[in-house]
Each structure stands twice: as C-alpha cells, then as structure tokens.
Number of protein chains: 2
Amino acid sequence: MSIGVAVPEEPQRGRAPSIRDVARLAGVSHQTVSRVLNHHPSIRPETKQRVLDVMGELQYKPNRAARALVTSRSRTLGILSASSTQYGPASSIAAIESAARTAGYWVSTANIESADAASIADALAHLTAQGIEGLVVIAPQVRVFDTLARLEMDVPYVSLQSTGRDEDHALSVDQIAGARMATRHLIELGHRSIYHLAGPQDWIEAEARMRGFLEEMSAQDVATTAPILGDWTAEFGYYAGRELLTVRDFTAIFASNDQMALGLMHAVRDAGLDIPRDVSIIGFDDIPEAAHFWPPLTTVRQDFAELGRRCVALLLGDIGEASTEATGTITPELVVRRSTGAPAF
Amino acid sequence: MSIGVAVPEEPQRGRAPSIRDVARLAGVSHQTVSRVLNHHPSIRPETKQRVLDVMGELQYKPNRAARALVTSRSRTLGILSASSTQYGPASSIAAIESAARTAGYWVSTANIESADAASIADALAHLTAQGIEGLVVIAPQVRVFDTLARLEMDVPYVSLQSTGRDEDHALSVDQIAGARMATRHLIELGHRSIYHLAGPQDWIEAEARMRGFLEEMSAQDVATTAPILGDWTAEFGYYAGRELLTVRDFTAIFASNDQMALGLMHAVRDAGLDIPRDVSIIGFDDIPEAAHFWPPLTTVRQDFAELGRRCVALLLGDIGEASTEATGTITPELVVRRSTGAPAF
DNA sequence: TCTCGGCATGTTCACGGTCACACGCCGGCG
DNA sequence: CGCCGGCGTGTGACCGTGAACATGCCGAGA
C-alpha cells in the first residue's frame with residue numbers, strides 16, 4: 001500500500017474573494033458586508049439578502065487570520081494530551097473536538113511522548129504560540145499545571161478534576177463514586193482481600209479512583225493494602241499480575257483501567273488459575289473491547305463523550321462565550337460481566 | 001471527580017508586545033526586528049543581538065494571525081478522521097501531530113461520527129475555513145475524496161494509499177504485503193479453508209488488505225470464498241463469528257484488524273471451540289492489547305507512527321516546505337503468537 | 001417647524017506582521 | 001574620478017476584517 005498526494009486543479013483566480021470584493025459586487029461598503037457576517041441588527045433585509053447572494057456567488061469565505069488579528073481572538077481551543085492512543089483520552093478528544101466545532105471553535109492538539117518538564121513546556125509553548133483561548137489537559141495534570149504556572153500563562157484551562165481550590169467552577173464527574181461502586185461490588189460478592197492496581201498518580205483521574213477505592217474499603221471496614229502504581233498499560237498489568245501471584249494473598253483485584261485489567265487476566269491465566277473462580281478482576285472505563293475479553297470484563301463505564309462536551313462547555317463559559325452552567329453529575333455505571341464472582345475460598 | 005477551571009492572574013499590561021515595541025526599545029526600525037525574526041542574512045550581529053535581548057526582556061511572541069494574514073500561509077495541517085478512538089488512527093494522528101510540530105506546523109482535527117456526505121462536508125468546511133495547507137484523511141477515503149472533489153478544494157491531501165493515478169507521489173507502505181504475509185502464514189500452517197473478515201471497503205486500507213488476501217490465496221492456488229465486509233469493531237467480529245460458526249466450513253480466519261479478531265475469538269470460545277486447535281485466527285495492526293488476548297493474538301504489526309511521519313513529510317514536500325523525497329517502503333511485520341496453529345482436521 | 005434620536009449605511013483607522021522599495025555608505029573597477 | 005553594486009537599515013504600503021465615528025434620512029415630540 002502506498003500514500004498518495006493529490007493537488008487538484010488550480011483555478012488561478014489570484015486571490016480568495018474578500019469582503020471588499022463582495023461589497024463591490026453588491027454595491028455596498030465593505031462594512032455593510034462585515035455587518036451581515038456578524039449579524040448586526042440594523043441592516044435592511046433586502047440589503048442583507050443582496051450581500052448574501054453575492055457571497056454565495058463568489059463562494060466567499062471569511063479569512064480567519066484577518067479576523068483573529070483584528071479581534072485578537074483565535075477561537076481555538078488547545079488540547080494537551082498524553083497517551084492519546086488510548087481509548088479514554090481518544091474518546092474525550094473526539095468529543096471535545098465535536099463540541100468545540102459546534103460552538104464554532106477550532107481545536108489544536110499537542111501530544112507529549114514523555115512527561116518530562118521540557119516536553120510539556122514545548123507542547124504548551126506550541127499551543128500558546130497559536131493563541132489558544134482555552135486549554136484542556138488530558139495528561140499527567142499535576143506536572144502540566146506546574147509548568148503552566150511557571151510559564152505564567154493566562155489561558156483558562158480545565159482538567160478532569162477540580163484541584164480543590166476551584167470548586168466554584170467544579171463540575172462533578174464522579175469517578176470517586178465509580179471506584180466505590182467497583183469496590184463495593186467486590187466486597188458484596190464476599191471478597192475481603194482486594195488489591196488495587198492504580199494509575200500514575202499525577203493523573204488526577206488515577207488519584208481519584210484510588211481515593212474511591214480506599215474510601216469504600218474503609219467505609220466497609222475491610223483491611224486494605226497499599227495500591228500498586230501502574231502506567232495504564234496491559235503490559236504493566238501483566239507483569240504486576242505475575243508479581244502478585246507469587247504470593248497470592250488476595251481473591252480480587254480492582255484495576256484502574258481496562259487495559260491493565262486485561263494484562264492481569266493474562267497473568268492469572270498463565271498461572272493456571274480461573275477467572276473468576278480463583279481471582280475476580282474488575283476494570284474501569286468499559287472500552288468497546290472489554291465485552292469481548294475472556295472472560296468478558298466487569299468494569300465501570302464512563303461517558304467520555306459527555307466528559308468532553310462538558311469540558312468545552314465549561315471553557316467556553318469561562319471565556320465568556322456561553323454561560324452554560326452545565327453543572328450536574330455524570331454518574332459512571334457498573335457493568336457486571338463475567339470476570340467477577342464470589343471467592344471460592 | 002470534577003472538572004475545574006482556573007484563570008491565572010492577569011498581568012494587565014494591556015496588549016502583547018509587537019515588533020514595533022521591540023523596535024522602539026532596541027532603537028531600530030520594526031523592519032529590522034522582522035528581519036531578525038526571519039533570519040535575514042544582512043543584519044549586523046550586534047544589532048541582531050540587541051533585538052534578541054529586547055525580545056527576551058519583553059517576552060515577545062510573534063502573532064500568528066498577523067503573520068498568516070500577510071503571508072496567507074496558515075502553517076496548519078488538517079486531519080479528517082473517523083473512528084479516531086481506535087488504536088491505529090489514534091497512533092497515526094499522534095505521529096502526524098508530532099511530526100508537524102517539529103516542522104513548525106500546527107494540526108487541527110475534525111472528526112466525523114457518521115460517514116454520510118453531509119457530515120464529511122461539514123468537517124471539511126470546518127478545516128478549510130481555517131485555511132489548512134494540507135489535509136490528511138484517516139477515514140472512509142473514497143467518500144471523502146468525492147466530497148473533496150465536489151467542493152472544489154485546492155488543498156494537497158494525503159491518504160494512506162495512492163489511488164493509482166498519483167503514483168509519482170506514492171510512498172509505499174505495503175499493506176498488501178502485510179495481508180499476504182498473514183494469509184501465507186495460515187496457508188503454510190496447512191489451512192485450506194480460510195475466511196477473510198474485511199474492513200469497510202471505502203477505507204482504502206481495508207481494500208488493500210483484502211486485495212492482499214485474495215492475491216495470496218490465488219497465488220498459492222487455494223480456493224477462496226467472498227470476504228465478509230465488517231466495520232472494524234469487536235462487536236461486528238463477534239456476530240460475524242457466530243454467524244460463520246453455524247456452518248463451520250473453515251479452519252482459519254484472517255481478520256482485517258485486531259478488534260474484529262478479538263470478537264471472533266469470543267464467538268469461537270462461546271461455541272465451545274478451541275483456538276487455535278479448532279480455529280486459527282489472525283489479526284492485523286498489533287494493538288498493544290493483542291499480546292494479552294486469550295490466546296495472545298497472531299497479527300501483523302504496522303508502524304503507525306512512521307506512517308504518520310511520512311504523511312507529514314509528503315505533505316510538506318508538496319507544499320514546498322521540504323523536498324524530502326522520503327520514499328521507501330514501510331514493511332509490516334508478522335507477529336506470531338498463539339492464536340494460530342496447524343488445523344486439527 | 002425645528003430638533004432630536006435612531007436606523008441604515010459609509011469612511012477611516014487599527015490590528016501586527018511582511019514586502020517592495022529607497023537610502024546612505026563603502027569598496028572595486030573602468 | 002565617477003559609477004556601480006552590495007550591505008545594513010529605514011519608510012511606507014498592504015493583507016482582510018472589525019470598531020469607532022460620521023453621515024443622511026425619517027419620524028416623533030416640543
């Protein structure tokens with residue numbers, strides 16, 4: 001297979017039509033055209049129609065750069081993302097893009113490969129050089145926000161978690177509740193020795209899920225061991241599982257995402273054990289593949305798309321575009337499949 | 001968990017510094033500053049240094065909009081994407097973004113949810129309204145290119161496959177070879193009744209993989225049945241598998257991507273059959289999870305990142321940015337795991 | 001009837017860069 | 001000795017749009 005490039009025929013009409021071209025043909029001033037574009041109220045309907053007709057005829061399209069220059073508004077949102085190849089982040093990104101587009105905004109993405117300060121600073125510089133009006137961070141947020149502060153950027157940003165001080169802007173997406181649901185499910189099945197395979201702690205979601213786990217465990221008076229800090233990958237889940245199984249002092253594991261759960265299941269099977277008879281495993285996210293794992297994975301579904309939409313709503317509200325106080329809780333949902341069951345003990 | 005917005009303290013310095021501000025403080029004309037910015041050769045080193053110092057002091061950052069306006073170059077690449085939540089597309093997108101950034105380009109993405117013409121046209125309009133200089137399509141390309149032609153857009157675009165006429169620009173990424181490798185692997189194991197679960201046919205990759213399958217089958221003189229056209233999802237693989245198993249006149253299936261392979265494996269297990277003893281299954285892509293499926297999936301690895309990089313190189317070459325004739329073949333690689341074996345017959 | 005205010009529209013300027021051209025200086029060459 | 005060309009720099013125009021301000025007209029109120 002190959003890659004092809006194609007350059008369509010060039011109409012050779014020098015330059016794209018500007019509002020002045022439209023104005024000339026419509027017999028009005030360029031400002032009138034500008035008013036039509038911006039839905040100014042005081043325009044006679046017939047004038048407006050005439051202008052619109054000419055615009056259609058000329059295939060006129062407003063020049064974004066000129067507009068951005070004069071208004072000093074880019075109408076662009078930036079996304080700073082890590083591991084954008086994973087289902088969760090990718091879903092949120094898609095939703096953000098979609099919501100932004102609906103609101104007439106553009107989205108520009110910068111991915112970081114490594115989470116070091118230089119890489120973050122570089123991505124951030126790239127985004128701000130573009131004059132983004134808002135920033136969504138889907139990455140190790142703690143470090144990003146540090147960098148953000150150090151760079152003295154004055155762009156409103158959202159994370160998927162309030163850091164505590166910005167509670168007035170908070171929109172609850174209750175991942176803690178999701179983690180508690182998962183944990184409670186295991187406890188209700190009769191498990192008392194439960195491990196938690198957490199995500200990287202500078203990801204606020206990971207931290208929240210871990211908090212939910214610990215809260216529920218202590219609320220139900222179940223003794224708990226220190227969570228294992230993972231990196232979201234199936235690979236890590238696999239090796240962590242192998243490690244854990246050398247001791248095997250547990251009957252269930254709550255993994256912070258489905259990929260790590262998958263790796264765990266692999267390790268458990270490798271050890272010749274049965275899921276869920278010997279070990280119950282629960283994940284988080286409900287990626288589309290989870291229903292087809294072996295066994296189909298019990299997990300917690302989150303609405304990534306809704307998450308993305310809310311991010312955008314919040315940002316735009318902050319920019320002053322809309323006052324959608326779209327507060328309300330997105331409740332995750334427990335999806336019980338076949339990877340969890342009562343302990344054999 | 002919740003979402004938080006934060007607006008950092010505003011330095012209230014009215015407006016960002018422009019080249020004229022820099023010029024004034026450096027005691028030169030604004031044009032000299034511009035020359036420094038654009039690395040013009042005829043500048044005395046000491047003048048240049050003075051300007052650079054002032055720029056640092058003022059934290060001067062060039063205004064992208066102003067630049068784009070006067071040069072009529074946006075330095076932005078567009079990505080039109082479908083199913084960007086899948087591993088393959090997401091990986092390519094990330095790679096494209098990274099390569100573009102390195103070249104000083106921005107990337108703007110538009111996702112389409114449904115592949116209907118209206119949705120495609122909308123996304124395309126959004127991207128062109130932004131003045132993109134190049135377009136990467138990761139979507140049902142046939143329809144996109146139709147729309148592109150109908151809209152008379154004059155933006156260079158790349159797809160992951162030459163359409164045949166643009167072979168001069170072709171960069172071979174041999175997916176046909178990959179598909180042939182997969183097929184040959186099955187045949188060499190002794191399989192003679194092999195199904196192919198293909199991807200949507202307006203995705204050029206899907207079509208190429210199917211072609212590879214058919215080519216190899218006929219080259220090896222193995223009778224073949226018509227491929228089944230899927231939609232890339234595990235869900236589809238599962239139902240297709242259930243359907244196929246009602247007849248069970250095959251010993252192996254080549255799925256066009258790993259997700260569909262996963263669904264197939266699920267269906268096979270549901271039928272109480274063993275993989276690979278009763279049915280061998282091979283996928284395509286080698287998503288990171290594939291190694292942890294049950295059984296670990298034999299598949300064909302593609303270098304999505306390299307693919308993305310080449311796309312960008314090709315586009316920039318076409319824009320005239322670089323003349324990187326980065327031709328060369330990206331060869332996919334067969335990864336043999338445990339989901340394939342000799343037929344039990 | 002005169003004034004005033006609002007509507008519909010036009011004129012001019014500003015936004016922050018780049019580009020084309022002009023200018024003074026200096027050394028080389030006819 | 002005068003002309004030419006290149007170097008380092010400055011001047012002014014221009015890109016496409018939106019905002020401030022100006023203008024003419026018309027109807028309402030004094």
Side-chain angles (χ1 to χ4, degrees), chain A residues 13-52 54-55 58-76 104 106 128-131 133 320-321, chain B residues 13-52 54-55 58-76 104 106 128-133 320:
Chain A
R13 43 170 144 65
R15 199 187 306 113
S18 77
I19 50 170
R20 291 174 209 263
D21 298 320
V22 175
R24 200 176 321 112
L25 264 79
V28 296
S29 75
H30 79 270
Q31 177 62 358
T32 300
V33 177
S34 172
R35 287 190 180 105
V36 171
L37 279 175
N38 295 288
H39 308 105
H40 189 99
S42 325
I43 296 242
R44 239 187 320 156
E46 61 208 65
T47 310
K48 180 170 185 174
Q49 192 53 52
R50 191 148 31 98
V51 170
L52 287 174
V54 176
M55 294 202 316
L58 255 48
Q59 299 237 58
Y60 167 78
K61 291 196 184 85
N63 180 315
R64 186 164 94 105
R67 225 176 219 180
L69 177 59
V70 71
T71 58
S72 56
R73 303 256 333 245
S74 66
R75 295 191 75 83
T76 299
W106 283 277
T128 48
Q130 182 166 192
E133 294 183 35
E321 190 72 14
Chain B
R13 42 173 144 67
R15 197 189 307 112
S18 77
I19 50 168
R20 294 173 209 265
D21 297 321
V22 175
R24 197 175 324 111
L25 265 78
V28 296
S29 76
H30 65 101
Q31 177 59 3
T32 300
V33 178
S34 173
R35 288 192 179 102
V36 171
L37 280 177
N38 296 289
H39 307 105
H40 188 99
S42 326
I43 295 242
R44 237 186 321 154
E46 61 207 64
T47 312
K48 181 169 182 172
Q49 193 51 54
R50 191 148 30 98
V51 170
L52 287 173
V54 176
M55 293 201 315
L58 255 48
Q59 299 236 57
Y60 168 78
K61 290 193 186 87
N63 180 315
R64 184 165 94 106
R67 220 173 224 180
L69 177 60
V70 71
T71 57
S72 56
R73 303 252 340 241
S74 65
R75 295 189 77 80
T76 299
W106 284 276
T128 49
Q130 183 167 189
I132 54 167
E133 292 183 36

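Since we're looking at a predicted model, the values are computed, not measured. Throughout, protein chains are lettered first and strands after them, A, B, ... in sequence-line order, and every chain is numbered starting at 1.
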Establish, with yes or no, whether the OP1 or OP2 oxygen of dC15(D) is under 4.0 angstrom from a side-chain nitrogen or oxygen of N63(A). no
Quick check: any donor-acceptor pair below 3.5 Å linking the side-chain of R15(B) to the base of dG16(C)? no
R20(A) CZ to dT17(D) C1': how many Å, rounded? 8 Å
With heavy atoms under 4.0 Å as the rule, sort L69(B) into base, sugar-phosphate or nothing. base
Check: H30(B) side chain, dG12(D) base, donor-acceptor under 3.5 Å: yes
I need the CZ-P distance between R73(A) and dG16(C), as an integer number of Å. 16 Å
Looking at every strand, decide which applies to V33(A) at a 4.0 Å heavy-atom threshold: base, sugar-phosphate, or nothing. nothing
Return the value, rounded to whole Å, for the distance between atom CD1 of I43(A) and atom P of dG10(C). 9 Å
Looking at R35(A) and dG10(C), is any side-chain donor or acceptor paired with a base atom of the opposite kind under 3.5 Å? yes
Side chains of R64(B) and T76(B) only: does a donor on one sit below 3.5 Å from an acceptor on the other? yes
Would you say dT11(C) has OP1 or OP2 under 4.0 Å from some side-chain N or O of S29(A)? no
Measure from NE2 on H40(A) to C1' on dG18(D) and round the result to the nearest Å. 12 Å
d(OH, Y60(B); C1', dG16(C)) in whole Å: 7 Å
Sub-3.5 Å donor-acceptor pair from the side chain of R50(A) to the main-chain atoms of A26(A), do we have one? yes
Rounded at 0.5 Å granularity, tell me how far OG in S29(B) sits from CZ in R20(B). 9.5 Å
Quick check against the 3.5 Å criterion: does R35(B) have a side-chain atom that pairs as donor or acceptor with the backbone of S42(B)? no
By the 4.0 Å heavy-atom rule, please label T47(B) as base, sugar-phosphate, or nothing. sugar-phosphate
Rounded interatomic separation in angstrom, taking CG from L58(B) and P from dG16(C): 13 Å
Nucleotide of dT18(C), dT11(C), dT9(D) approaching Q31(A) most closely (side-chain heavy atoms): dT11(C)
Between CG of N38(B) and C1' of dA20(C) the distance, given in whole Å, is 15 Å
R44(B) atom CZ is separated from dG6(D) atom C1', nearest whole Å, by 15 Å
What I'd like to find out is whether the side chain of L25(A) reaches to under 4.5 Å of the side chain of Y60(A), using heavy atoms alone. no
Has R67(A) got a side-chain N or O lying under 4.0 Å from the OP1 or OP2 atom of dG18(D)? yes
Among dG10(C), dG10(D), dG18(D), find the nucleotide with the atom closest to the side chain of T32(B). dG10(D)
With heavy atoms under 4.0 Å as the rule, sort I19(B) into base, sugar-phosphate or nothing. base
Candidate nucleotides dG10(C), dT18(C), dC7(D), ranked by approach to the side chain of T71(B) - the nearest: dT18(C)
Test side chain to side chain contact (heavy atoms under 4.5 Å, CB included) applied to V33(A) and I19(A), L52(A), D21(A), the passing residue: I19(A)
Using a heavy-atom cut-off of 4.0 Å across all strands, would you classify K61(B) as base, sugar-phosphate, or nothing? sugar-phosphate
